[in-house]
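Data block below; observations after.
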Amino acid sequence: MKTSVISISEQNEQKLLSKARKIMSRGGLVAFPTETVYGLGGNALKKKAAAKIYKAKGRPSDNPLIVHIAEIDEVYSLASEIPDEFFKLAENFWPGPLTMILKKSSIVPDETTGALNTVAIRMPSHPIARKLISSCGFPIAAPSANSSGKPSPTSASHVFTDLNGKIPLIIDGGDCQIGIESTVLSLAGDKPLLLRPGAITKEMIESVIGEISVSEGILSPLMENEAPQSPGMKYKHYSPKADVTVVEGSSADFIAFLEEIKSEVGAYALCYEEEAHLSPIPYLIFGKFSDELSQASALFSALREFDEMEALRVYAHSPKTSGISLAVYNRLIRAAGFKVIKVGEK
Ligand code: TXA
Ligand code: MG
C-alpha cells in the first residue's frame, strides 16, 4: 500500500478531510495530529477498523483503544453510566488532553475496548482532530500512531517511519504541541483512579473533584502475575534501541556521574538545557528543568533521535515526580525498563 503524507492547509483542508472521511467510512485508517501525539484513527464503531488498527501497529488486541469525540453529547451513546465527576472534569478540561474511562454501552464493539466492559473517551482540542471527527460523523478510535513498543509519534515523519506501507494517509499538521499522551483517568470504579499521568495533572483533577487514587503501575513495574489496572501497563513501551538508565540527583551530581562513565563506548546523555553545556559526553537536550511542558514535547523525539544516532547507552537526568514532570518521568522509566540509579547520596 502506498502511504501519502499530505500537509494540511487552509487551501486543501476541505478536500483532505473529505478524503480522510471516505477512507474511514469504508473501515480504513488515517493518521492525524492531536495536541498530544499523532493518532492512528479508524471508525470506533466498526470491528473491522479496530482489527486493522491492531494489525498496523503490531499491537496486542487486548490493549484497548481510546475513542475520540468532537461533541460532549456523543458520550450518551457510548457510555452506559455517567457519574457527576465526568461532567465536572469535561467542563474544566475538554476539549483537551484528558481521557476518561466509563462503563461502555452496547454500540461500542468489544474489539475497540479489548473486550473490557469500559470505554476510554477523549475530546481532543487540536482543531484538525476535531474537524476530522465532526466531518466523519462517527467517533474515531485512535491509539498513538507508532508501531507498538516504539516512542509515540510527535510529528508526521515519525508516523511515516513506523507505518509507511501500512496505511493509506497521514495528515501532516506539524509537530504536536504537548508531546506526550493524554492523562487517563478511570471513572468506572468506586473511586476515580489515575491510570496514566499527562498534561492534565493529578493536582489539576483534584482541584475539581477532590482526592483521587493513583495506580501503583505509574511509578513501578508490575509484579509477576499481577493483573494490570490498565492493559497498557503490562506491555513494554517507548523502548529505544539503546539501553536507557534514569539518573536521579542534582545537576552537579549528574554531571559528576557522566565524568565517571565518559569512556563508555556509545554513551550519550539526555540533559536539561541549563546543564547540557557541562556534559563531558555527547548529549541531546530534554527541554528546560524549569519548564515541564518543554520536557514533555522533547522526550519522544529525543528517544527516536538516539536510535538514529545508534546510541548504545543513554543516561537520562531524571525529571521530578510531580505536575507534568510526573508524566514525563512515567514515560522515561518505561523507556528505561525501570532502571533508575541515584547519584550523589552520601
Ligand atoms: O493522547 C492520547 O491519548 C493519544 C492520542 C492519539 O489521543 N492516544 C493514545 O492511545 O495514547 P493509546 O492507545 O496509545 O493509549 C491508550 C491507553 C492504553 O494504555 C490503554 O491500555 C488504556 O489507555 N486504555 C484504553 N481503554 C481503556 C480501558 N477501557 N480501561 C483501562 N485502560 C484503557
Ligand atoms: Mg500508545
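Source: prediction; values computed, not measured. Read the numbers this way: they start at 1 and go in the same order the structure lists the ligands and their atoms. Just so you know, residue 1 is the first one in the sequence shown, and it goes up from there. Because only heavy atoms are used, hydrogens play no part in the values below, and waters and symmetry mates are left out as well, while side chains stay in.
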Mode of N63 contact toward ligand 1 - side chain, backbone, both, neither (heavy atoms, under 4.0 Å) |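 The part of N63 near ligand 1 is the side chain, not the backbone.
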
Salt bridge R313-E264, side-chain N to carboxylate O under 4.0 Å |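 Here R313 pairs with E264 in a salt bridge, since their nearest N and O are under 4.0 Å apart.
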
Using heavy-atom distances, let me know which of P64, A141, A129, A142 sits nearest atom 24 (N) of ligand 1.
->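 The residue whose heavy atom sits nearest atom 24 (N) of ligand 1 is P64.
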
For [X], take its heavy atoms, then give the atoms of ligand 1 lying under 4.0 Å from any of them.
X	result
H68	5 (C), 6 (C), 7 (O)
L116	28 (C), 29 (N), 30 (N)
I66	3 (O), 8 (N), 9 (C), 10 (O), 16 (C)
S144	8 (N), 9 (C), 10 (O), 12 (P), 14 (O)
G39	6 (C)
I101	27 (C), 28 (C), 29 (N), 30 (N), 31 (C), 32 (N), 33 (C)
T118	28 (C), 29 (N), 30 (N)

Please verify whether a non-hydrogen atom of P97 lies at under 4.0 Å from ligand 1.
->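 False for this residue.
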
Report yes or no: does a heavy atom of R59 sit under 4.0 Å from some atom of ligand 1?
->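 Yes; R59 lies near enough to ligand 1 that a heavy-atom distance drops under 4.0 Å.
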
Any side-chain heavy-atom pair from I205 and L98 closer than 4.5 angstrom?
->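 Touching, per the 4.5 Å side-chain cut-off.
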
Do T3 and L169 have side chains that get closer than 4.5 Å, going by heavy atoms?
->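 With C-beta onward as the side chain, the pair stays apart.
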
Measure up the F254 and H317 rings against each other and bin them: parallel (under 30°), tilted (30 to 60°), perpendicular (over 60°).
->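 Judged by the thresholds at 30° and 60°, the geometry between F254 and H317 is parallel.
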
Show your reasoning for whether side-chain hydrogen bond (donor to acceptor under 3.5 Å, both in side chains) applies to E305 and Y268.
-> CA-CA 11 Å; E305 214 175 315; Y268 287 77; over 6 Å; no

Worked check of ring pair (Phe, Tyr, Trp, His ring centres under 6.0 Å) between Y38 and F32 | CA-CA 6 Å; Y38 274 74; F32 63 96; 8.2 Å; no

Criterion side-chain hydrogen bond (donor to acceptor under 3.5 Å, both in side chains) on R196 and S215, from CA distance to verdict = CA-CA 8 Å; R196 181 173 76 181; S215 170; over 6 Å; no

Can you spot which of Q177, H126, R122 makes a side chain to side chain donor-acceptor pair (under 3.5 Å) with T34?
->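 Exactly one option meets the side chain to side chain donor-acceptor pair (under 3.5 Å) with T34, and it is R122.
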
Any side-chain donor-acceptor pair under 3.5 Å between E181 and T36?
->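 T36 and E181 do not have a side-chain donor-acceptor pair below 3.5 Å.
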
Please determine if R196 has a nitrogen or oxygen closer than 3.5 Å to a nitrogen or oxygen of ligand 1.
->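 Between R196 and ligand 1, an N or O pair is found under 3.5 Å apart.
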
What about S182: any of its N or O atoms under 3.5 Å from an N or O on ligand 1?
->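 Yes, since at least one N or O of S182 sits under 3.5 Å from an N or O of ligand 1.
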
Give a yes/no answer: is there an N/O/S atom of S144 under 2.8 Å from the Mg ion (ligand 2)?
->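 For S144, the answer is yes, given that an N, O or S atom comes within less than 2.8 Å of the Mg ion (ligand 2).
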
